[in-house]
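A short write-up of the structure that comes next.
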Amino acid sequence: MNHPIPAIVAQGAVRRLPRAALLLLCVAYVLPGFIGRNPWKSADITALGYMLELLRDGANWMTPRLLGLAPEVEAQLPYWLGAWAIKIAPSFFPADLAARFPFAILLALTLAATWYGTYLLARSPRAQPVAFAFGGEAQPADYARAMADGALLALLACLGLAQLSHETTPAVAQLCFTALAFYAGASLSQARGAPVLVSFLAMLGLALSGAPTVAVLLGLGGLLALLLDPSGADEPVRVPSAIVWRLGVAVLLVAVIATLLDLWRWRVELPTSSLAEWRNLSRLLLWFTWPAWPLALWTLWRWRHQIVGAQASRHLLLPLWYVLVAVGCTLTTGSADRSLLLALPALAALAAFALPTLQRSVSAAIDWFTLLFFSGCGIIVWVIWIALQTGVPSQPAANVARLAPGFEHSFSPLPFALAVLATLAWAWLVRWRVGRHPAAIWKSLVLPAGGAVWCLVLAMTLWLPLLDYARSYAPLVRLIAQSVQTPECVEVLGLTRGQIAALQFHSQLALRTASADAGCPVLLANGEAIASKEHTVDATQWTLHRTIKRPTDRSENIAIYRRTTRAAP
């Protein structure tokens, strides 16, 4: 007979993870990627372009535009945050660095909200471990803290979080507000604080970040979970009905505000029956959420008696609903990876509740796989960096020269020192993990989280110049600026939002949308755009001067045209 509560945890298994170590791990995860790099293509530089446009005279803050183009994700709040940060930053601060500060705070809030949300869910009566006949079971507060530590480690270990969470895009804002909504949903049973207010602000932030439908769905899911399991955090006391109707009013108010501000957009793109598309989606689901998804599935299996029926528990229903909403968005929107990003906080919480039920052999398998995977990744980073510095081994250096022609590597003492410290920390962590220590249920996720942070630090120190060269538009813009010099204005035709934003940020070119009355001496066009019937540009007025290819992507090129006849007055 299966016990409805599968968690059997002794007090010794919930020993405290040192707060200093956990905080240092979070800082080491948040800061790399926000400091020292150029804006990357294409969502990162595009968002920066809209932020800078808001600072121009006459800009409409409710409808940001970049040379008349609306953003692909018609959000407001993320662009406001970046523009405000640029405006209040000291003049010597680069605009792109200033714009990243609020997004670093959003990522930190995501980590904190995931920890506290899981902590509150683990304090609920139905999430508690089995009570022993003669005592000795884990105390509620200690058990909840261990679950929260495990959830945070699982979130840091998710492979898909590393890149997208370090960009200055609406996806980061959506991630943060989803995590805050998750925390608010977990805290609705608390008498203290203002969980309904936090829930309203989180849903409003989601709506202003381009996801009003997700905001309403998450609010309704929190309301449903509260109705199915209205018990309090530490004892089975029913939540006051006032909390329920206030949350319902908050959801309705967010929907009304989204309607008044015209925030609703139809972006549903149902997946086709193509086998290739479904294969790509499956691969994304597998690697993007690793290693949280297998642990989350194990949680749902071991705690299955508390998902439906009279024993339905909010510590499972709430994160499960958040995951289902995000996965649904992944399957029905064009930006699958950015939609799936919203599932990670709740998925990490579900993964944490698998820890009390894992057998020792499974924990050992996780440790060995993690050790081999991240150690292999770290060694690859070091080998390629050494090859760039010394030419030995020769093959990695030759591969870089082929894939990134024109890249010149140099030695930087500070990034090298940080990479060495991170490597020593990883070696110490591995030594600590394989040593004999008192059992702790979060130990199985220490190596996955530590390995993810280590590889991120290595990539953003040793590989940062190479990544900047490969993923930035700066090399392409430099070649264009050298070719066109500095004319009074430049017309653009068929360029992407990212290319336009990069030209405005990395050069002093005054861009104009190509038209019959623009009258600029230079035209920048994407591929065969000038010959397209969709545009009204007179091709006979222009002569191809040069086509410049992006060094690390030969399929991406911008053609430079010079006017052969003076534009008609």
Side-chain angles (χ1 to χ4, degrees), residues 7 9 13-30 110-112 114-119 121-122 127 129 138 142-162 165 179 287-300 302-303 315 319 323 343-375 377 425-426 428-435 437-456:
V9 184
V14 292
R15 59 191 298 258
R16 187 183 184 91
L17 196 159
R19 299 298 96 180
L22 188 61
L23 180 60
L24 182 61
L25 193 67
C26 293
V27 171
Y29 190 86
V30 171
T110 299
L111 302 181
T114 302
W115 192 95
Y116 281 104
T118 307
Y119 176 85
L121 289 179
D142 297 331
Y143 171 76
R145 186 177 60 241
M147 292 291 98
D149 291 344
L152 182 54
L153 294 175
L155 180 60
L156 293 175
C158 286
L159 299 180
L161 184 68
S165 65
W287 76 260
F288 195 93
T289 60
W290 180 271
W293 72 262
L295 294 176
L297 290 180
W298 183 251
T299 294
L300 297 179
R302 291 303 308 271
W303 294 80
H315 81 280
V323 171
L344 296 185
L347 197 67
L350 282 177
F353 286 103
L355 298 179
T357 66
L358 291 181
Q359 297 178 355
R360 182 173 300 180
S361 59
V362 177
S363 299
I366 294 175
D367 287 334
W368 279 110
F369 176 82
T370 302
L371 178 62
L372 295 175
F373 177 78
F374 285 113
S375 295
C377 292
W426 169 249
W428 177 87
L429 186 63
V430 171
R431 181 177 179 274
W432 176 87
R433 183 62 186 94
V434 300
H437 301 281
I441 56 178
W442 41 260
K443 286 178 64 176
S444 299
L445 290 172
V446 168
L447 285 184
V453 174
W454 176 52
C455 289
L456 177 64

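Residue Tyr116 places its OH atom among 12 or fewer non-hydrogen atoms of other residues, nucleotides or ligands, all under 6.0 Å distant.
Not counting sequence neighbours, Thr110 has no partner by the side-chain hydrogen bond (donor to acceptor under 3.5 Å, both in side chains) test. Considering only residues two or more places apart in sequence or on other chains, Trp442 meets the ring pair (Phe, Tyr, Trp, His ring centres under 6.0 Å) condition with none of them. For Tyr119, the side-chain hydrogen bond (donor to acceptor under 3.5 Å, both in side chains) partners at least two apart in sequence or on another chain are Arg123. For Trp298, the side-chain hydrogen bond (donor to acceptor under 3.5 Å, both in side chains) partners two or more places apart in sequence, or in a different chain, are Thr357. Tyr29 pairs by the ring pair (Phe, Tyr, Trp, His ring centres under 6.0 Å) definition with His166, not counting sequence neighbours.
Atom CH2 in Trp454 sits 12.5 Å away from atom CG in Leu456 (nearest 0.5 Å). Taken from CG in Asp142 to CZ in Arg16, the straight-line distance is 8.5 Å, to the nearest 0.5 Å. Taking CG of Leu153 as the reference point, atom SG of Cys158 lies at 11.0 Å (rounded to 0.5 Å). Of the inter-residue distances, the one linking Thr299 atom OG1 with Phe353 atom CZ reads 8.0 Å to the nearest 0.5 angstrom. Note that the CH2 atom of Trp368 and the CG atom of Leu447 stand 10.0 Å from one another [nearest 0.5 Å]. Summarising the geometry, atom OG belonging to Ser363 is positioned 7.5 Å from atom CG belonging to Leu355; distances are rounded to the nearest 0.5 Å.
Residue Pro345 is tested with Leu161, Val323, Thr114, Leu111 for a side chain to side chain contact (heavy atoms under 4.5 Å, CB included); the sole match is Thr114.
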Could you check Trp426 against Ser375 for side-chain contact (heavy atoms from CB on, under 4.5 Å), going step by step and ending with a plain yes or no? CA-CA 9 Å; Trp426 169 249; Ser375 295; 3.4 Å; yes
ring-ring contact (aromatic ring centres under 6.0 Å, His included) between Phe369 and Trp290: does it pass, once the steps are laid out? CA-CA 12 Å; Phe369 176 82; Trp290 180 271; 5.5 Å; yes
Mind running side-chain contact (heavy atoms from CB on, under 4.5 Å) on Trp432 and Val446 for me, showing each step along the way? CA-CA 10 Å; Trp432 176 87; Val446 168; 4.3 Å; yes
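Looking at Thr289 and Leu344, their side chains come closer than 4.5 Å, going by heavy atoms from C-beta outward. By the 4.5 Å heavy-atom criterion applied to side chains, Leu22 and Trp115 are counted as neighbours. The closest side-chain heavy-atom distance from Ile441 to Met147 is below 4.5 Å. Put simply, the side chain of Leu25 does not reach to within 4.5 Å of the side chain of Leu152, judged on heavy atoms.
Between Ala349 and Pro319, the shortest heavy-atom distance links the atoms CB-CB, 4.5 Å. Taking both residues in full, the closest heavy atoms of Gly150 and Leu445 are given as O-CD1, 3.2 Å, listed atom of the first, atom of the second, then distance. Across all non-hydrogen atoms, the minimal contact from Thr118 to Ala352 is CG2-CB, 4.4 Å. For the residue pair Ala154 and Ala351, the shortest heavy atom distance occurs at CB-CB, 4.3 Å. For the pair Pro356 and Tyr143, the tightest heavy-atom approach, listed with the atom from each and the gap, is CG-OH, 4.0 Å.
No salt bridge links Lys443 with Asp149; every basic N to acidic carboxylate O contact stays at or beyond 4.0 Å.
In terms of modelled atom types and a separation under 3.5 Å, the side chain of Arg302 and the main chain of Leu300 share no donor-acceptor contact.
Residue pairs meeting the salt bridge (Lys or Arg N to Asp or Glu O under 4.0 Å) criterion with at least one member in residues 357-373, sequence neighbours excluded, are Asp367-Arg433.
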